[in-house]
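Please read the structure below before turning to the comments.
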2 protein chains.
Amino acid sequence: MIPRRLRVPPESLYPDDDWRIVETSFTEEWMGNAETIFALSNGFIGVRGLLEEARPAVESGTFLNGFHETWPIVHAEQAYGFARTGQTIVNVPDVTIMKLYVDDEPLHLPTARIVAYERVLDMREGVLRRELVWSTPGGKHVTVRSSRMVSLEHRHLGVISMEVEVDTDAPVVISSQVLNRQDSAALDERRVGASGHDPRRARVFSDRVLRAQTHVEDGLRLVTGYRTTNSGMTMSVGVDHRVTSAAPFRAATSWSEDLSKVVVTVQAEAGVPIRVDKFFTYHTSRHVPAVELVDRGLRSLDRAVELGVETLHEGQRLELDTFWERADVTLEGPARFQQAIRWNLFQLHQASARAETTGIPAKGLTGQAYEGHYFWDTEIYVTPFLSYTEPRITRNLLRFREAMLPQARERSAELSEQGALFPWRTINGEEASSYYAAGTAQYHIDADVAYALRKYVDVRGDTGILVDLGAEILASTARMWAGLGFFSPDDDRFHIHGVTGPDEYTTVVNDNVFTNLMARRNLRDAADVIEWLAREHPAEHAALARSLKLDPEEPTRWRRCADAMYVPFDAERGIHPQDDSFLEKDVWDFAGTPIDRYPLLLHYHPLVIYRHQVIKQADVVLAMFLLGDEFPIEQKRRNFDYYDPLTTGDSSLSACVQSMLAAEIGYEELAEEYFQYALLMDLADVNGNVVDGVHIASTGGVWMALTYGFGGMRDHGGVLRFDPRLPSRWGRLSFPLRFRERSLRVTLEGERVRLELLDGEDLAVEVRGEQVVLQAGAPHERQLDPRWLAPHEAPARTPVLAEGPVGSGDARGGT
Amino acid sequence: MIPRRLRVPPESLYPDDDWRIVETSFTEEWMGNAETIFALSNGFIGVRGLLEEARPAVESGTFLNGFHETWPIVHAEQAYGFARTGQTIVNVPDVTIMKLYVDDEPLHLPTARIVAYERVLDMREGVLRRELVWSTPGGKHVTVRSSRMVSLEHRHLGVISMEVEVDTDAPVVISSQVLNRQDSAALDERRVGASGHDPRRARVFSDRVLRAQTHVEDGLRLVTGYRTTNSGMTMSVGVDHRVTSAAPFRAATSWSEDLSKVVVTVQAEAGVPIRVDKFFTYHTSRHVPAVELVDRGLRSLDRAVELGVETLHEGQRLELDTFWERADVTLEGPARFQQAIRWNLFQLHQASARAETTGIPAKGLTGQAYEGHYFWDTEIYVTPFLSYTEPRITRNLLRFREAMLPQARERSAELSEQGALFPWRTINGEEASSYYAAGTAQYHIDADVAYALRKYVDVRGDTGILVDLGAEILASTARMWAGLGFFSPDDDRFHIHGVTGPDEYTTVVNDNVFTNLMARRNLRDAADVIEWLAREHPAEHAALARSLKLDPEEPTRWRRCADAMYVPFDAERGIHPQDDSFLEKDVWDFAGTPIDRYPLLLHYHPLVIYRHQVIKQADVVLAMFLLGDEFPIEQKRRNFDYYDPLTTGDSSLSACVQSMLAAEIGYEELAEEYFQYALLMDLADVNGNVVDGVHIASTGGVWMALTYGFGGMRDHGGVLRFDPRLPSRWGRLSFPLRFRERSLRVTLEGERVRLELLDGEDLAVEVRGEQVVLQAGAPHERQLDPRWLAPHEAPARTPVLAEGPVGSGDARGGT
């Protein structure tokens, strides 16, 4: 474990609060982080937590899931099969801007005299509210209340309200804008210039991305249709306004390609508020002309205006009530933990709720980093949560993978293989990774998709999806593995060479354990499902066999590959080497690496990193969790003991996994410490890049660490098992689950576990190895022996380097 | 051995001729190849074999060694330490253009009626001559004789002459031009478009590279000074003219930034020739302003004009007489072989003769491919020839490496090492390889430089260079190795991980045998030389120790690393694995790979290539040759037997090495066949890319294959040894050598060997293991037993795929 910095905002600025994130004053220092933390999204539309005044801002951004521009990837040195087409999510026109002028003075937070300020994200109501009192240069006091919402109920809608009240008569102007920022490049360069290169950030476009195709002006309504220059995608953005004012007002609209405006001018009277409601809508398409999307936008606005702000807010509240009922995890734990847990879950919901026909970008829709691409993050880190709380979304995500099978087949052929190879990173289904060693070489993406599919079926019991699309995905990925690997004449084992596992600090290796294990599972699942299909759904099997030209012997061959799969094992150390040559490498000089040289990827040449035993993120340890039923606890402990000290956690995908495995093997302090990193990844800016967007995989990991980790839940083979281990310093932990058409609640308190079946048929589960049949209305409750090892039996924990106050009391980390 | 295509021009077009390359008619089909084959160079100036008419041309190019433009390398995905600055040799203004108009009709070869044609490169005189008779559309016959020379004697000079004679009175115009082609980009794109991407070709510039700074017009003299936009290098190009005509003529000069012209107009009379002599000069600098270079150009032109064409031609002849005396290898062998040998040697001379203060680009100055960069090609493939024929040039090349030590130190630090790491490819000393896996990872460049240094000292006996610069190079490279590798606790051996050997079809591996062996030699040589320096030159040693902060214990540490160096060996197969995991990989499906899928790098993703046992170029086999004193013959044979069938020869650096080792282990047919590939690499376009320029390393390899290979010469430890093995179908082979201030001649005929010391002190050599003391004037001659294995003892040879006639009789390959 490498100590991480926690950059925790002071309690006075962000007080602890179970349901709300509260900002008590505006500071430029925290502004960039706050843009991410207060971002709103419904999985289709995402807006960063920008000020209504638009400036200052660190990274202005509004994103529509899947709406991207393409560009030819220029490789410094080209080679056959290198990814050709870059894809970058577009920073679309921003509707959040509501500039305010009083006495012709603009409200500008860094210089204004603000006598009261509060910005609140209430996670029950799903609305971001700000209230401030501005003492103008002319000595007037102006109260500004605004609210902003991206609708979870209505995929294409959102609404912003601003209410202004003066204590002395004054002319007030509210300029409501829709701004297409063609200046994002400049902003980007400024940041790159400051921080040096960072390969994780998004591409800068020099050409115009969006070209206006058509627009409609109608009263205070403005709708524009755009088309992207290269990818040819279309979008529309529309706003409509309702002005409520006792005093007479004028409203003037204007339109240009990059800036639509409605300017409301009022001679405001003391104590009489003026309110502007701004409804907004976004639509996108790959095929439909922009003019048609403008039309859709008009209809969306009609509905929004008809519903009105209050009804929209109510709908949002109801939607979130349902969400929290299904998903809320309650914890009586250290300070801020409940708040942070809810914020992480809220982000999961924001990222996925309406991600229909698309994937979930690595940053959700809260930032442009990683270009808005979909990675394995979704399948391995996010779908477990979704499968247990809202399986419909997992199903959509799997269907989205199915839809990209044609490109995955082409890509596999380009890489001289059969079957299908999913892209390591993509929006449109084509491989967009321009550095193959840490991209295309991660063949494990195929097995990750297959794994998520299986887990969904196990949890949901939905075998229909196997008929619909699962069998095809499994067969296509198994084929890829069967061709990629080979039987070595030396040992008659099946080997997979030249791949990169999850850990990107070691690339293009032979027999990466994670990959081989996951491929084995993929091959076996494919064989099982194809044989099951032949038995249970012969007609569908025949159709699939025809379309895939499936040889009847293929499942047998897959099983043969799986059974012969080589899994490196070092008998002397008693561990699984991460790959065939990992243990032969020199160990990284951790003692000689100051904390400010992390993440290593920004400070060392890849060749230097690759030749050492040093790990970016859990790899063998992740396999020990995902395929935990294949390994005894002693093996997991030995592997963890070996790899944990080598793991930098330079990736946000690591801490949650380390926490879960530490919990399983009984390392209480480590499990808690890693959980804290995952939990506070964004809220305490652990990796120093929260400004770039939410680490969505880590938010999923937080849920996993709570349920699988401390809850000790396992679901291998579709059987629920519990072996909880609550940290001794925590109070009650409770979470709901949906499992095979049933609702459950799991509650831990001290060494007591309580399992309740809330509805549905009886369910056999295991509690610490013993079978228990749960019946609705008859909670099962029992006392368990503690599972934690004594502190001296566990590895020493390295203290957290906290830069600000974090939590309080027990859970407070290190210095 | 993978069969290669030989694209041999028909005998009628290019007749066999011992001393000359003759083109008997103009064809567009061979035009691109001829541009390379007829290129002229003195190692500073290089002009491709372009037509005086300038069009048609496949790739117009004029190059000045080291004169380059820089540009920021844009990586599709950036990482720490990736090369930042691209360097590309500039295609400078072309002086070869002498356009001819008769009756205002231009001479244009593709459409003109040519009734006689001959273009001849005579390698004794070093002049390219063309004579043709043009039957004009008006029915007149015009005889055009031209000659072109780049002076080997005068580094900055060249001269072109054109003589025109009409058989009927006619107005004749000769337009002598200096053209700065800013259109090379367009040409380039056309070719890339046709052949797909090819990472080996040069970069295309979109901006103006050369900016005129100043110019002089004086009579028929035009001199222009330029500066490059980014690198800030300066150059001047100048021409002067002498017109000889019995009839009155007018000459008009004009100048613009990209085109200077002298247009000579004559009312020509039948039978009275008009002659225009065009003297040209080029100068370059990194620091001196262009105006100063223009001045230098004026002085060069003064001298050229004063000397006149005939004297310049005579000087050239004398220079080449000296060269051939030192370097000519005579062979009574298959048809074309003598011609081809001389052409290869001539290219070596052209590439190196005046390469003072620079390196030797991979293509010499005959093409822009590989960007005009210097690679290890020079040290390993070219300097052996130079050390034995013109050691002064080797010394210059080593001095050039010394001059880039400051950048090499910076680069080493950037890669977290001490000492110095030479760039894999460079012009200005900075790493310019934008694909690190097949670039920066080739750390063996350090050992290659050290190896060339040692060989030079062994051959020349010049220990002074060790004091001057050798000790510093050796200590700096040894330091790099000592830090790069590490002692593994598992076996207490010294391992070097994460490097790429010469074979670029396997990259970033652990313990590449070639690298480890060469590093071991480097470390030992460094320890020896530093200790020798301390003994013999204590003052210089003290100074070096001060400047390098050399710890007195360092040589001991280097020796410890060397002694513990891990050298992978597979006991079962009895071979050295190319690297630690090479033998574990699947063997490439050679049977399923059609010939048109070579070179593999243009048809398979690197990941696909890397995960198989398939070799681009000799790697272990090269080590068996370079460090041949460390291995018994049986070991060499076992290694060759294993690797030869895996070697595609997709690199031109392979065939000569395979030939030498095949010769050593007694495989007559293979040795001959590989020699033929190397010998005809360019003349028969073996790799299909001769249009891009001469494969200079292979030309050096031809000399090595003749002397080391068939001559059986070895020089390990500075002792000359001979164990010749002349192919049974060849007649006499004879070559001269310079060795430690002596001249020798080696002559083989059948099984007879004759060694003559032509001058200098007695010399002890070995002939097949027996010591012989050579004395001047007393040739040693003896009969030896044949060394070749019987054909059935050697591996089967795969027939050459010849597309045109090649040689004749015995040596003719396959079908």
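The shown structure was predicted, so the numbers you read here are calculated from the model rather than taken from an experiment. In the text below, chain A, chain B and the rest are named by the order of the sequence lines, each starting its count at 1.
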Give the minimum heavy-atom separation between Glu77(B) and Tyr435(A), together with the two atoms involved. OE1-CB, 3.4 Å
Please give me the minimum heavy-atom distance between Arg611(B) and Gly498(A), naming the atom from each residue. NH2-O, 3.2 Å
Tell me, with the steps shown, if Leu607(B) and Tyr443(A) meet side chain to side chain contact (heavy atoms under 4.5 Å, CB included). CA-CA 11 Å; Leu607(B) 282 169; Tyr443(A) 286 83; 4.1 Å; yes
Is the distance between the ring centroids of His605(A) and Tyr436(B) under 6.0 Å? yes
Glu430(A), CD: over 12 other non-hydrogen atoms inside 6.0 angstrom: yes
Closest-packed option against chain A by number of heavy-atom pairs under 4.5 Å, given Ser416(B), Gly485(B), Ala83(B), Ser433(B): Ser416(B)
Winner by heavy-atom pair count (cut-off under 4.5 Å) against chain A, out of Glu417(B), Arg573(B), Glu414(B):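 Highest number of heavy-atom pairs under 4.5 Å: Arg573(B).
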Below 4.5 Å, heavy atoms only, C-beta onward: do Asn510(B) and Lys585(A) meet side chain to side chain?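 The answer is yes, as the side chains (C-beta and beyond) meet within the 4.5 Å cut-off.
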Of the backbone (N, CA, C, O) and the side chain (C-beta and beyond), which part of [X] lies under 4.5 Å from a heavy atom of chain A, both, or neither?
X         : answer
Phe82(B)  : both
Val608(B) : side chain
Leu583(B) : backbone
Glu584(B) : both

Measure [X] against the heavy atoms of chain B and call it side chain, backbone, both or neither at under 4.5 Å.
X         : answer
Tyr604(A) : both
Val508(A) : side chain
Ile73(A)  : side chain

Partner chain B: residue of His603(A), His495(A), His75(A) with the largest heavy-atom pair count (under 4.5 Å): His603(A)
Would you mind listing every salt bridge (charged side-chain N to carboxylate O under 4.0 Å, His left out) that reaches into residues 493-508 of chain B, with sequence neighbours excluded?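 Listed once each, the pairs are Glu504(B)-Lys616(B).
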Could you tell me which residues satisfy side chain to side chain donor-acceptor pair (under 3.5 Å) with Asp580(B), sequence neighbours excluded, listed by chain and number?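 Partners of Asp580(B) by the side chain to side chain donor-acceptor pair (under 3.5 Å) criterion, ordered by chain and then number, come out as Tyr566(B).
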